[in-house]
Every structure is written in structure tokens, then in C-alpha cells.
S.K.: 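Structure below; questions to follow.
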Amino acid sequence: MSSTTGTTDNAATLDRLHSAVNSGDLDIVSKAIDELVAPDVLFHAPVPMGATGAEAMKRVWEVLLRAFPDIRVTVEETIAEGDKVVSRNTVTGTHRGEYQGLQPTGRTVTYGEIFICRFAEGRIIEIRGVVDVLTQLRQLGALPAPS
């Protein structure tokens with residue numbers, strides 16, 4: 001397999017994961033994580049749950065889907081090179097369940113995130129993420145808007 005084919009396959013794998021998370025169904029998300037993500041994935045992102053690996057990812061999505069049942073990840077840009085795929089996304093959702101200690105507000109959030117995923121043997125083995133939590137929490141009213 002040429003590296004170009006591998007790069008294309010890796011980008012397609014990440015697209016499949018995005019499709020699963022956009023289903024809004026935790027079972028579909030969990031199955032996709034089991035299939036596409038290494039069980040011991042290194043997950044460097046704002047994950048306060050104390051879990052590691054693929055289980056941490058499942059817990060993140062459990063929390064997000066409970067808080068934002070209509071959550072949607074829109075891929076704005078994808079860059080694939082070698083064993084890495086970078087995805088710049090816009091996330092939207094309506095706050096309908098408890099999140100970070102906040103009771104549901106009914107407010108809609110829109111915020112950005114960037115993830116770098118490293119692949120081996122067709123699976124994600126490492127994820128580094130930057131999520132604009134500040135914007136998210138401001139939109140939920142948990143933090144004051146900038147003056």
C-alpha cells in the first residue's frame with residue numbers, strides 16, 4: 001500500500017467516526033469507537049473523567065449526547081499526511097441535559113475544535129485535541145461574555 005492510499009484510508013476512517021457521532025445514538029458511537037479506535041488510544045484532550053483509552057472516548061460521548069442530544073460535528077477542513085489526519089470542526093448542539101454541573105438551559109452552542117489523529121494499522125492510536133470550551137461555556141451562560 002502506498003502512503004497516499006494509507007493517508008486516504010485514514011481520512012475515510014475519521015469520516016466514519018464523525019458519521020457515527022452525528023447519529024446521536026450512543027450504541028452506534030460506542031461500536032464505531034470499538035471498531036475504529038485502538039483500545040489503548042492515547043487521548044490528549046480535555047477529558048475530566050479519569051478514564052483512559054477508548055473507554056474515555058465513550059464516556060466523553062455519553063456525557064455530550066446526554067447534554068446535547070442533537071450534537072453535530074461539521075468537518076470544516078481535513079488535512080491528511082503520513083500517519084496523521086487533522087480535522088478542524090464546528091460543533092453545534094442544544095443544551096438539553098446536565099453538563100459540567102450546569103442544568104439544561106435550552107441554549108444552542110456553536111464552537112470550534114481541532115483534532116490531530118495518529119493511525120496505525122487502520123485504527124486511531126493517538127488523539128490530540130483542542131476544544132474551544134471557553135466559547136461553549138460563555139454561550140451556556142456559565143462564564144461572562146468578553147467585555
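Quantities reported herein were computed from a predicted structural model and do not represent experimental measurements.
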S.K.: Are Val86 and Phe115 close enough, and set up right, to give a side chain to side chain contact (heavy atoms under 4.5 Å, CB included), and what steps lead you there?
M.R.: CA-CA 6 Å; Val86 179; Phe115 282 93; over 6 Å; no

S.K.: Would Val85 and Val75 show up in the same hydrophobic cluster when neighbours are defined by side-chain heavy atoms closer than 4.5 Å?
M.R.: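 Not linked; separate clusters.
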
S.K.: Does anything in residues 107-124 form a salt bridge (charged side-chain N to carboxylate O under 4.0 Å, His left out)? List the pairs, not counting sequence neighbours.
M.R.: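 Counting only pairs at least two positions apart or across chains, the salt bridge (charged side-chain N to carboxylate O under 4.0 Å, His left out) contacts touching residues 107-124 are Arg118-Glu126.
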
S.K.: Is there a side-chain contact between Phe43 and Met57 (heavy atoms, below 4.5 Å)?
M.R.: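 Phe43 vs Met57: side chains touch.
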
S.K.: Identify whether Ile116 and Ile124 are in the same connected component of the hydrophobic contact network (ILVMFWY, side-chain heavy atoms under 4.5 Å).
M.R.: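 Ile116 does not cluster with Ile124.
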
S.K.: Give a yes or no on whether the backbone of Gly82 and the side-chain of Thr7 come within a donor-acceptor separation of less than 3.5 Å.
M.R.: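 Side chain of Thr7 to backbone of Gly82, a donor-acceptor pair under 3.5 Å: yes, one is there.
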
S.K.: Looking only at heavy atoms, what is the nearest atom pair of Thr110 and Thr92, with distance?
M.R.: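 Minimum heavy-atom separation between Thr110 and Thr92: OG1-CG2, 3.5 Å.
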
S.K.: Applying the 4.5 Å side-chain criterion to the ILVMFWY set and letting contacts propagate, would Ile127 and Leu17 be lumped into a single cluster?
M.R.: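 Looking at the clustering, Leu17 is in the same group as Ile127.
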
S.K.: Can you tell me how far the OG1 atom of Thr78 sits from the CG atom of Asp15, to the nearest 0.5 Å?
M.R.: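 It is 6.0 Å, given to the nearest 0.5 Å.
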
S.K.: If I compare all heavy atoms of Ala20 with all of Ser23, which pair ends up nearest, and what's the gap?
M.R.: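 What the structure gives for the nearest pair is O-OG, 2.6 Å.
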
S.K.: Taking the side chain as everything from C-beta on, heavy atoms only, tell me whether Glu35 gets closer than 4.5 Å to Ile33.
M.R.: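 SC-SC contact between Glu35 and Ile33 ruled out.
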
S.K.: Please round to the nearest 0.5 Å and tell me the distance separating atom CZ of Phe119 and atom OG1 of Thr13.
M.R.: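 So the gap between those two atoms works out to 5.5 Å.
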
S.K.: Does the pair Val91 and Val109 meet the rule for a side chain to side chain contact (heavy atoms under 4.5 Å, CB included), with working shown?
M.R.: CA-CA 8 Å; Val91 181; Val109 295; 6.0 Å; no

S.K.: Atom CG in Leu64, atom CD in Glu62: separation rounded to 0.5 Å?
M.R.: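 Here the rounded value is 10.5 Å.
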
S.K.: Is the side chain of His95 donor-acceptor paired with the backbone N or O of Thr105 at a distance under 3.5 Å, no angle test?
M.R.: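 Judged by distance alone, yes, a pair lies under 3.5 Å.
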
S.K.: To which residues is Ile125 joined in a hydrophobic cluster, defined by side-chain heavy-atom contacts under 4.5 Å among Ile, Leu, Val, Met, Phe, Trp and Tyr, whether direct or through other members?
M.R.: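 The other cluster members (ILVMFWY side chains, heavy atoms under 4.5 Å, direct or chained): none.
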
S.K.: Are any of the side-chain heavy atoms of His44 and Leu42 separated by less than 4.5 Å?
M.R.: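 They are in contact (side-chain heavy atoms under 4.5 Å apart), so the answer is yes.
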
S.K.: Do Ile114 and Ile71 share a hydrophobic cluster (ILVMFWY, side-chain heavy atoms under 4.5 Å, transitive)?
M.R.: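 Different clusters.
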
S.K.: Spell out, yes or no, whether Phe68 and Ile28 are grouped together once hydrophobic residues are joined by side-chain heavy atoms under 4.5 Å, including indirect joins.
M.R.: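 In one cluster with Phe68: Ile28, no.
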
S.K.: Answer yes when Asp70 and Arg96 have at least one side-chain N-carboxylate O distance shorter than 4.0 Å, and no when they do not.
M.R.: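 No, Asp70 and Arg96 are not salt-bridged.
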
S.K.: Return the OG to CZ distance between Ser30 and Arg59, rounded to the nearest 0.5 Å.
M.R.: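 Those atoms lie 11.5 Å apart.
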
S.K.: Do Tyr111 and Thr90 pass the side chain to side chain contact (heavy atoms under 4.5 Å, CB included) test, and can you show the C-alpha distance, the side-chain angles, and the key distance before you say yes or no?
M.R.: CA-CA 6 Å; Tyr111 58 93; Thr90 300; over 6 Å; no

S.K.: State whether the side chain of Thr135 and the backbone N or O of Asp132 hold a donor-acceptor pair below 3.5 Å, judged by distance alone.
M.R.: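 Flag not set: sc Thr135 to bb Asp132 has no pair under 3.5 Å.
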
S.K.: Looking only at heavy atoms, what is the nearest atom pair of Ala54 and Ala38, with distance?
M.R.: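 Smallest heavy-atom distance, with atoms named: CB-O, 3.9 Å.
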
S.K.: Please examine the side chains of Val73 and Asn22, heavy atoms only from C-beta on, and report whether any two atoms are closer than 4.5 Å.
M.R.: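 They are in side-chain contact.
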
S.K.: Check whether any side-chain heavy atom of Arg66 sits under 4.5 Å from a side-chain heavy atom of Trp61, and report yes or no.
M.R.: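 Counting from C-beta outward, Arg66 and Trp61 never come under 4.5 Å.
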
S.K.: Do NZ/NE/NH1/NH2 and the carboxylate oxygens of Glu55 and Lys58 come within less than 4.0 Å?
M.R.: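 Yes, charged N to carboxylate O under 4.0 Å.
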
S.K.: Have Ser87 and Asn89 got a donor and an acceptor in their side chains that come within less than 3.5 Å?
M.R.: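 There is such a pair (donor and acceptor under 3.5 Å, judged by atom type) between the side chains of Ser87 and Asn89.
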
S.K.: Does Arg16 have more than 12 heavy atoms from other residues, nucleotides or ligands lying within 6.0 Å of its CZ?
M.R.: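 Counting other residues, nucleotides and ligands, CZ of Arg16 stays at 12 neighbours or fewer.
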
